[in-house]
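Everything below concerns the one structure shown next.
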Amino acid sequence: MERTHRLELFPDRSVTLLLFQHVKNAAALRKKAMEGSVDGALINPAMIVDTFQILVAANKAVHLQKIGKMKTRTLYAEIIFSLSPSNNISDAFKKFGISDSDTAVLIVLVVDGDKTVNLADITSQVEGQQVSLDELPQLTDTAKVKKMYKVTPQEEKIGTLLDSVVCRMSTKDVL
Amino acid sequence: GPVGLATGELGAAGPAVDGPEGGAGAGMVAEEPPAPPALPGLRLVQQGAEAHVYRGLFLGRAAVAKLRVPKRYRHPALEERLSRRRMAQEARSLLRCRRAGIPAPAVYFVDYVTNSIYLEDIVDSITVQDHIYSVQKSGNDTSDLHKLAEKMGELLARMHDEDIIHGDLTTANLLLRPPTEKLDLVLIDFGLSFISGLPEDKGVDLYVLEKAFISTHPDTEMMFQALLKTYAASSKKSGPVIKKLDEVRLRGRKRSMIG
């Protein structure tokens, strides 16, 4: 159900993605995340087009953490920040983090390579149903994503929405 | 960029990644090649003067990894700055192209520490260079290449209208997506690119391509003419650009008027 990917460039880290629907305690989860008592990044799945988007964010966050150049204070905060096309941290949390009324939550965990992920820890905290990541496309709000990332109509002709999104994520600090 | 060895460069003749340190050759400094990235399915694609290019799977997707070759004859501070700037220019130009609907690879990851960039791999594509070779070889000439030239002209016109100067236009830096017959072009290798509205810069960009055509592909004068014609028709700002191109042709290189 969940998916794990070992980062090729940082083989000591693995990224695990979990998707939950019919979540009843988003408000409590968000509070816990703000307090820092959740060992994972809680993301609004409506803003996610594909798991690749998350992996790109996680890869960048781990890279920045390793060279001590994160813009936020924790790896999980950095992952959320890396998803955002803007350089405004609180805006990133607002748009990509979960809000109290959300009923679907995507959780990202990053663990040291060989350690097995303790899924029970995190799944027990969510009052909802874990579903396969294959369900993600149904939860994506394409219009919202296009608006958020300011995808141009010309751009849509030459590539997928995912291409546009990932391009902006990876080049936002270059510009 | 150039395939294989650039002139005057010492180094491995084959695809060996561990280049010889301090090899034979009077006074030449061997460049330390970058260590290949640990991507699954890794293949060395090109060992250019500026960068080593690899293909492999990155985060589950077919990607191209470009690792800059550090030039040890340069002062380290300059080298760092130059490397950084080239990387930034490439990333910026790629994004700018895409936003304007000009086909170019998507950027997946920019690593300033190792000066590498991970891009979308246009899988099963062939370079326009290879396509021209194969068409000329099979003798099916004119009409195929004419249409291709027109598409190239149109694409370059759109790129220049966005004030994007490629900086290294060659037929090896233009890809054709499969199936080739669709003439679906993709521009690559923006490492030497920059932003400019000056007709001179655009003229030089075209001149570089013209020289590349002449030197790489015999009997393609008509083709390039068709390219220019379409360029002129497609670009709103082409007049001054073509004028500058003519001027640059006259200036040229190795055209000294000193007796």
Side-chain angles (χ1 to χ4, degrees), chain A residues 3-15 17 49-69 79 82 85 108 110 113 133 146 149-175, chain B residues 35-42 54 56-63 65 67 84-122 155 158-159 161-162 177 184-187 190 195:
Chain A
R3 272 190 219 165
T4 298
H5 190 98
R6 176 169 292 207
L7 297 178
E8 297 87 0
L9 303 179
F10 314 107
D12 62 327
R13 304 291 186 90
S14 278
V15 181
L17 282 69
V49 175
D50 187 284
T51 54
F52 181 68
Q53 185 183 350
I54 304 277
L55 292 178
V56 168
N59 182 79
K60 186 172 179 181
V62 168
H63 165 70
L64 292 174
Q65 183 189 50
K66 283 188 179 265
I67 61 172
K69 293 248 171 96
I79 290 176
S82 298
V108 184
V110 180
L133 276 133
K146 282 187 195 173
Y149 288 96
K150 299 201 182 90
V151 180
T152 67
Q154 310 92 281
E155 205 176 344
E156 293 185 68
K157 295 192 193 139
I158 56 155
T160 64
L161 179 58
L162 178 61
D163 291 332
S164 304
V165 163
V166 165
C167 223
R168 279 164 180 71
M169 284 168 56
S170 60
T171 59
K172 82 170 178 193
D173 43 4
V174 167
L175 302 162
Chain B
L39 303 183
L42 191 76
Y54 297 86
L57 288 177
F58 177 65
L59 304 176
R61 289 198 134 204
L67 279 60
R84 171 76 46 106
R85 189 188 307 168
R86 292 257 170 93
M87 194 116 297
Q89 279 174 326
E90 178 150 30
R92 260 184 230 128
S93 295
L94 286 169
L95 182 62
R96 200 171 167 124
C97 272
R98 295 190 63 94
R99 284 167 79 161
I102 294 161
V107 182
Y108 293 160
F109 177 49
V110 178
D111 176 359
Y112 287 110
V113 175
T114 60
N115 285 316
S116 21
I117 187 168
Y118 293 75
L119 309 165
E120 173 191 4
D121 180 14
I122 316 292
L155 182 62
R158 282 200 290 143
M159 184 185 76
D161 277 355
E162 294 295 322
R177 284 187 191 275
D184 214 348
L185 289 163
V186 182
L187 279 160
F190 284 80
I195 306 296

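Order of the sequence lines fixes the chain letters, A, B, ..., with proteins taken first and strands second; residue numbering starts at 1 for each chain. Bear in mind the structure is a predicted one, so any value in this text is a computation, not a measurement.
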Pairs of heavy atoms under 4.5 Å with chain B: top-ranked of A/V166, A/I67, A/N59, A/V56 = A/N59

Is chain A contacted by the side chain of B/L57, its backbone, both, or neither, given a heavy-atom distance below 4.5 Å?
-> backbone

Answer yes or no: does atom CZ of B/R85 have more than 12 heavy-atom neighbours from other residues, nucleotides or ligands under 6.0 Å?
-> no

Please determine, among A/E156, A/K157, A/E155, the option with the most heavy-atom pairs under 4.5 Å with chain B.
-> A/E155

Could you have a look at B/P37, B/A104, B/A100 and say which one has the most heavy-atom pairs with chain A under 4.5 angstrom?
-> B/A100

Step through the shown structure and confirm whether more than 12 heavy atoms of other residues, nucleotides or ligands are within 6.0 Å of NZ on A/K66.
-> yes

Heavy-atom proximity to chain A below 4.5 Å, by part of B/L119 = neither

Side-chain donor-acceptor pair under 3.5 Å between A/Q154 and B/R158, yes or no?
-> no

Between B/P36 and B/L67, which heavy-atom pair has the shortest distance, and what is it?
-> CA-CD2, 4.3 Å

Under a 4.5 Å heavy-atom cut-off, does chain B meet the side chain of A/L55, its backbone, both or neither?
-> both

Name the orientation class of the two ring planes belonging to B/F58 and B/F109 (parallel below 30°, tilted from 30 to 60°, perpendicular beyond 60°).
-> parallel

Chain B contact via A/L162 - side chain, backbone, both or neither, heavy atoms under 4.5 Å | side chain

Engaged part of B/D184 at the chain A interface, taking heavy atoms whose separation is under 4.5 Å = neither

Part of B/R177 lying under 4.5 Å from any heavy atom of chain A = side chain

Apply ring-ring contact (aromatic ring centres under 6.0 Å, His included) to B/Y118 and B/Y108, showing your working.
-> CA-CA 5 Å; B/Y118 293 75; B/Y108 293 160; 9.0 Å; no

For A/L7 against A/A58, the heavy-atom pair lying closest together | CD1-O, 4.4 Å

Residue selection (most heavy-atom pairs with chain B, distance under 4.5 Å) from A/M169, A/R168, A/K60 | A/R168

